[in-house]
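FYI, the numbering just counts along the sequence from 1.
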Amino acid sequence: MARAVREGTLSGALPAVILHTIDSRLAHLSEPARELADLAAAIGRQFTYSILAHACHCDEDSLVPALDELWQRRIIREQGNDAYDFAHDKIREVAYSSLSAARRRLLHRRIAVALEEVHGHEPDAVAPAVALHYDRAGDAARAVLHLMRAAQAAGAVYANEEAISYLQRALELAPEARVPDLEVAALHEALGRILARAGRHAEARTHNQDALDLLPASQRLRRAQLNVSLAETWHAQHRYADAHAALAAALAALGEEPADSDEEWWKAWTRMQFVRGDLLYFQARLDELADLNRQMEAVLARRGTIEQQAQLYARVRQQRLRQERYRPSPTTIEITRKSVELARQANNRELAGYEIFALGFLLLWCDDLDGAAEWLNRALHEALSMGHVPLEDRCRAYLTITARLCGDVEGVHSQVEAAMRVATAEQSPFYTAVAHGN
């Protein structure tokens, strides 16, 4: 106990008399009850009967009396039919701190296996806990597998920071777990994708490049996709020359259409062209954008998906908006409404969010300030629900302008502070300038 206090394994500074009292209460437990307290302490502050039963390696006739003893001695409390917690977390800390390193690893492995057995029907829900216990058990390989599952599940519900932390830990454990280079590259790629959504473009770029460095030249499709991701991060920070260079590298990696090309090749090629279209729009290279849109229209008429049709409508809108000098015609607005509907049909929340923003953006330049505020706020709601910082950045910039045009001074102050914060976080020179201008 004294060693635990010296090494700081107990959180906080408990008076010696309290530490002695807790230690004494635990020391007076029967051996089965003390072993059960140790197991529960390794699980955490809260635990369930079912996990204890699967992890304790004892029968019910031994488990129930030990559990009852812990309850009678007020070491633990009942929290429902199957749930318990420690009467105080300091009791759990003292019990856990008394365990040897070898004993801890053994208990954490048992708990991880118990979680897999009990919750096999919902592996995503317990993946973070299973990964944690395998990590603490020193089983890096199994920890990485469950961290990857946890990151995928978190990313699917836009829990971006959780997904980032899981992937970062998986990468830390990858050398110890002897994860193959191709799988390490996939971890870097997944992390880059989430970081880009969170507006952390420089970090995303680093991980995309790390993934590229691990992939052999034979991995042409994956290398092409990673270079497109690099182009997107450069584009987000308005580094157009760098973005075009990354697209050129993507095209070189992808190569000419093979005779047996599949949907993945066409998906990568199409994504590449859409990113190029975004760059041409921002650079006001309208003739090139118009040529590209005609080319894409011909291609997608033969093999385009609903999602790709929505993306094509978006680029046509960009072209028309430039040509109309930001006084959008009814046709341009109708095209945008169609792209919103197609994005929703494709169940692509990110694309739909951008198209909802675009509709608000167009209505703003039509002097429909109420309509602009409505659609921009809808897009902002989507951005916040997805943790999508680049989309939030755009919404707040133009909601500020909408408030200005409405004479809403309080609204301007409210939005511009948030806009400056988000633009600074994204390191976007364009939207930082917009925030300063507002």
Side-chain angles (χ1 to χ4, degrees), residues 196 228 231-241 243-244 246-247 250 269-301 304-344 346 348 350-368 371-372 375-376 378-379 382-383 388 390-395 397-399 401-402 426 428-431 433-434:
V228 177
E232 289 175 331
T233 65
W234 288 123
H235 174 224
Q237 296 184 311
H238 302 273
R239 298 275 295 273
Y240 303 127
H244 280 294
L247 283 181
W269 182 87
T270 304
R271 178 187 172 207
M272 196 181 308
Q273 304 311 319
F274 284 145
V275 173
R276 180 167 169 253
D278 286 338
L279 291 171
L280 296 175
Y281 163 76
F282 272 93
Q283 293 180 286
R285 292 159 61 176
L286 297 187
D287 290 342
E288 293 173 78
L289 179 57
D291 288 343
L292 178 60
N293 284 340
R294 282 191 291 270
Q295 179 188 7
M296 296 303 295
E297 186 173 6
V299 169
L300 296 182
T305 64
I306 292 176
E307 181 177 320
Q308 289 167 341
Q309 290 291 343
Q311 291 173 313
L312 176 59
Y313 274 121
R315 274 66 189 183
V316 171
R317 176 195 65 246
Q318 291 175 334
Q319 172 196 334
R320 292 178 63 90
L321 188 59
R322 284 284 195 181
Q323 292 169 336
E324 294 164 351
R325 297 183 180 273
Y326 289 86
R327 299 300 291 179
S329 66
T331 301
T332 301
I333 292 173
E334 185 56 34
I335 287 172
T336 307
R337 292 187 187 276
K338 183 63 175 177
S339 66
V340 170
E341 182 57 31
L342 288 173
R344 285 172 169 166
N348 186 327
E350 182 175 343
L351 178 58
Y354 271 111
E355 292 310 291
I356 291 168
F357 158 77
L359 185 53
F361 180 80
L362 295 187
L363 293 175
L364 173 61
W365 306 131
C366 291
D367 297 325
D368 182 357
W375 286 92
L376 290 172
R378 286 190 191 184
E382 287 297 304
H388 202 297
L391 179 56
E392 180 188 356
D393 203 355
R394 287 151 180 75
C395 292
Y398 291 101
L399 278 168
I401 293 174
T402 304
E426 195 190 0
S428 168
F430 184 90
Y431 288 104
V434 172

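Considering every non-hydrogen atom in both A379 and I356, the closest pair reads N-CG2, 3.6 Å. Nearest approach of A343 to L351, heavy atoms of both residues: CB-CG, 3.8 Å. Between R322 and F282, the shortest heavy-atom contact is NH2-O, 3.3 Å. Nearest approach of T270 to M296, heavy atoms of both residues: CG2-CE, 3.7 Å. When all heavy atoms are compared, the tightest approach of D393 to S428 is OD2-CB, 3.8 Å.
In summary, the side chains of T332 and R317 do not present any donor paired with an acceptor at a separation below 3.5 Å, with no hydrogens or angles considered. Side chain to side chain, Q283 and R285 meet the donor-acceptor criterion of an N or O pair below 3.5 Å. T336 and S339 share no donor-acceptor pair across their side chains, judged by distance under 3.5 Å alone. Side chain to side chain, Q318 and N293 fail the donor-acceptor criterion of an N or O pair below 3.5 Å.
For Q323, the CD atom counts as densely surrounded, since its 6.0 Å shell holds more than 12 non-hydrogen atoms of other residues, nucleotides or ligands. Counted within 6.0 Å of CZ on F361, heavy atoms from surrounding residues, nucleotides or ligands total more than 12; the atom is thus considered enclosed.
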Quiz item: Could you walk me through whether L362 and Y326 pass the side chain to side chain contact (heavy atoms under 4.5 Å, CB included) check?
Solution: CA-CA 8 Å; L362 295 187; Y326 289 86; over 6 Å; no
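Under the ring pair (Phe, Tyr, Trp, His ring centres under 6.0 Å) criterion, F430 pairs with H238, sequence neighbours left out.
Counting heavy atoms from C-beta on, the side chains of R320 and P328 never come closer than 4.5 Å. Counting only heavy atoms from C-beta outward, the side chains of Q309 and K338 never approach each other to under 4.5 Å. L359 places none of its side-chain heavy atoms less than 4.5 Å from the side chain of L376.
The aromatic ring centres of H388 and Y354 sit less than 6.0 Å apart.
At least one test fails for R315 against the ring of Y281: distance under 6.0 Å to the centre or angle within 45° of the axis.
E355 contributes no side-chain N or O that, together with a main-chain N or O of R337, makes up a donor-acceptor pair within less than 3.5 Å.
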